[in-house]
Amino acid sequence: MKANDYIKYVTALEGRTLLSKEERNFLITYHNGEDGEKYFTAMLDSLNNISYIHSFEFGSTNHVQIDFLVATSNKFVVFEVKHYKDEWYFEHDTLKNNYGIITKSPIIQVRNIKHELQKLLHRCGIFLDIESYIVFTNPHLIPLGTWPINQNIILPHELDKISKILSPQLPNDNHQILNLLLENESKHSSYYQKDITTKYDLKYAGIKCPNCRKMHTIKILDNKTLYCCSYCKSEIKCEDIVFFNLKELYIIKRDSFTFEEAIVWCYPVKKYTIERVCKKYFLSLTRRNRKFFLDSK
């Protein structure tokens, strides 16, 4: 299973069944990463004259992923963003938390990134210095023990340093350099495979809000076309609710589904509504004993 497909699979399972420790830790890391990168993007966008790439991936043998690569007038700045919360401590070549999650030390991670980026820049005929920073963005982080010094680590209460690191630069237009680097981009999901055993069961059925992803927060009533989630207060069309939940059925099953499975999965939505959504948004190769699937393109 490709990396992007695994994200969709575990996210679809969330709230429908108990996740394994590996799946739970994966989602915690994934959602924290999304929140942190969204926050850091907003910080960069609030500054003037900043050219950057977000989530830049390259290399096949020694694949690396850069959260944020900023091009200034005379150097590149690599930002590795961590949105960790609660207690974290360094131990040897790892970073650990009080929930048992263990990750590779971001210091080693950034060191490898700088090495591979330097090689890529030289192949492209670009000879500029590279600075790197490890940025912790979550204000609920609790650093425990002795954290490394002189490693360009920026803690949540020090985020004002970002503008100081980037503000002294002269006006620049490095979009062309960044575009040149993007020609060498190689997405991890295009070749990374994760072996898993899928766990599909109709017991996982139920209506999930497409907006907040909470289960059982939308009361389905007859003859209504617009519903309100009692948790996030979003107003959502019945058709969109059914389509979202049937997509999760397809993602979890990893195979086509029957109309009967769709009815169970989206109960108590009326059959004619489910049938309309199946025919409108999903493909089917036969007229009898129809099975529905999504276009993989």
Side-chain angles (χ1 to χ4, degrees), residues 3 6-7 10 14 19-44 47 52-59 61-70 72 75-121 129-166 188-189 192 194:
Y6 183 68
I7 292 170
V10 180
E14 186 179 24
L19 300 179
S20 67
K21 182 177 181 180
E22 179 187 2
E23 291 165 342
R24 175 175 55 81
N25 288 345
F26 172 83
L27 272 186
I28 290 172
T29 303
Y30 172 71
H31 289 315
N32 281 342
E34 273 199 324
D35 292 343
E37 291 180 14
K38 182 178 179 181
Y39 181 19
F40 198 78
T41 297
M43 290 181 60
L44 290 182
L47 303 176
Y52 69 90
I53 306 174
H54 173 221
S55 191
F56 176 51
E57 302 179 43
F58 63 93
T61 304
N62 298 313
H63 179 273
V64 296
Q65 187 264 335
I66 301 176
D67 287 343
F68 293 88
L69 178 61
V70 179
T72 72
K75 65 184 178 183
F76 287 96
V77 185
V78 171
F79 290 104
E80 178 64 26
V81 176
K82 305 296 183 186
H83 199 61
Y84 299 162
K85 66 177 181 179
D86 297 324
E87 299 174 347
W88 286 83
Y89 59 95
F90 280 87
E91 185 175 285
H92 304 301
D93 293 334
T94 63
L95 189 59
K96 300 182 177 181
N97 76 352
N98 53 331
Y99 296 114
I101 297 178
I102 303 174
T103 68
K104 180 188 295 185
S105 169
I107 296 172
I108 296 176
Q109 188 179 357
V110 167
R111 188 184 303 150
N112 293 337
I113 287 172
K114 287 185 67 176
H115 178 70
E116 295 300 323
L117 178 60
Q118 192 79 68
K119 291 194 298 184
L120 174 61
L121 292 176
D129 291 336
I130 303 172
E131 289 183 7
S132 61
Y133 297 87
I134 303 165
V135 185
F136 291 86
T137 51
N138 198 320
H140 301 291
L141 172 74
I142 305 174
L144 292 182
T146 302
W147 279 43
I149 58 175
N150 300 323
Q151 295 294 338
N152 286 352
I153 293 176
I154 299 176
L155 295 175
H157 67 285
E158 302 173 321
L159 291 177
D160 62 314
K161 290 183 178 179
I162 304 299
S163 60
K164 297 174 183 177
I165 291 169
L166 300 176
H188 196 199
S189 58
Y192 171 77
K194 183 175 181 64

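Here, residue 1 is the first one in the sequence, and each next residue gets the next number.
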Check the pair Leu117, Leu69 against side chain to side chain contact (heavy atoms under 4.5 Å, CB included), reporting the backbone distance first and the verdict last. CA-CA 10 Å; Leu117 178 60; Leu69 178 61; 3.8 Å; yes
What verdict does the side chain to side chain contact (heavy atoms under 4.5 Å, CB included) test give for Val78 and Ile130, after you've listed the backbone C-alpha separation in whole Å, the side-chain angles of each residue and the deciding distance to 0.1 Å? CA-CA 7 Å; Val78 171; Ile130 303 172; 4.0 Å; yes
Any chance you could lay out the side chain to side chain contact (heavy atoms under 4.5 Å, CB included) test for Leu120 and Phe56, step after step, and finish with the verdict? CA-CA 12 Å; Leu120 174 61; Phe56 176 51; 4.0 Å; yes
Leu159 vs Ile154, side chain to side chain contact (heavy atoms under 4.5 Å, CB included): CA-CA, chis, key distance, verdict: CA-CA 7 Å; Leu159 291 177; Ile154 299 176; 4.2 Å; yes
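At least one side-chain heavy atom of Leu141 sits less than 4.5 Å from a side-chain heavy atom of Leu155. In this structure the side chain of Tyr84 never reaches within 4.5 angstrom of the side chain of Asn138, judged on heavy atoms. Val10 has its side chain out of reach of Tyr30: every pair of non-hydrogen atoms, C-beta onward, lies at least 4.5 Å apart. Looking only at side-chain heavy atoms (C-beta outward), Asn152 and Glu131 stay at 4.5 Å or farther from each other. Residues Ile113 and Ser132 fail the side-chain proximity criterion, which asks for heavy atoms closer than 4.5 Å. Residues Arg111 and Ile108 form a side-chain contact, since some pair of their non-hydrogen atoms from C-beta on lies under 4.5 Å apart. Side-chain atoms of Tyr6 and Glu23, non-hydrogen and from C-beta on, do get closer than 4.5 Å to each other.
A salt bridge (Lys or Arg N to Asp or Glu O under 4.0 Å) check over residues 139-159, counting only residues at least two apart or in different chains, returns the pairs Glu158-Lys161.
Listed here is the closest heavy atom pair of Tyr89 and Leu144: CB-O, 3.5 Å. Taking each heavy atom of Ile165 and Lys75 in turn, the nearest pair found is O-NZ, 4.3 Å. Looking at every heavy atom in both residues, Leu19 comes nearest to Arg24 through CB-N, 4.1 Å. In terms of heavy atoms, Phe58 sits closest to Glu116 at CE1-O, 3.7 Å. Of all non-hydrogen atoms in Pro148 and Ile153, the two that sit nearest each other are O-CD1, 3.9 Å. Closest non-hydrogen pair, Phe90 versus Thr146, comes out as CB-O, 4.4 Å.
In terms of modelled atom types and a separation under 3.5 Å, the side chain of Thr94 and the main chain of Lys96 share no donor-acceptor contact.
Summarising the geometry, atom CG belonging to Asp35 is positioned 9.5 Å from atom NZ belonging to Lys85; distances are rounded to the nearest 0.5 Å. The distance from atom CG of Leu166 to atom CG of Leu44, rounded to the nearest 0.5 Å, is 7.0 Å. The distance from the CD atom of Glu80 to the CD1 atom of Ile66 is 9.0 Å, given to the nearest 0.5 Å. How far NZ of Lys114 is from CD of Gln109: 14.0 Å, rounded to the nearest 0.5 Å. We find the CH2-CD1 distance between Trp147 and Ile134 to be 9.0 Å, quoted to the nearest 0.5 Å.
Tested against Met43 for a side-chain contact (heavy atoms from CB on, under 4.5 Å), the candidates Val81, Val135, Ile162 yield a single pass: Ile162. Considering Thr29, Asn32, Thr137 in turn, Thr137 is the only one that fulfils the side chain to side chain donor-acceptor pair (under 3.5 Å) rule with His83.
A donor atom on one side chain and an acceptor atom on the other are found under 3.5 Å apart for Asp86 and Tyr99.
Applying the ring pair (Phe, Tyr, Trp, His ring centres under 6.0 Å) test to Phe79 and every residue at least two apart in sequence or in another chain returns Phe40, Tyr133.
Taking the six-membered ring where the residue is Trp, Phe68 and Tyr52 present tilted rings, their angle falling between 30° and 60°.
Atom NZ of Lys38 has 12 or fewer heavy atoms from other residues, nucleotides or ligands within 6.0 Å. Remark: Asp93 CG is loosely packed, at most 12 non-hydrogen atoms of other residues, nucleotides or ligands lying under 6.0 Å away.
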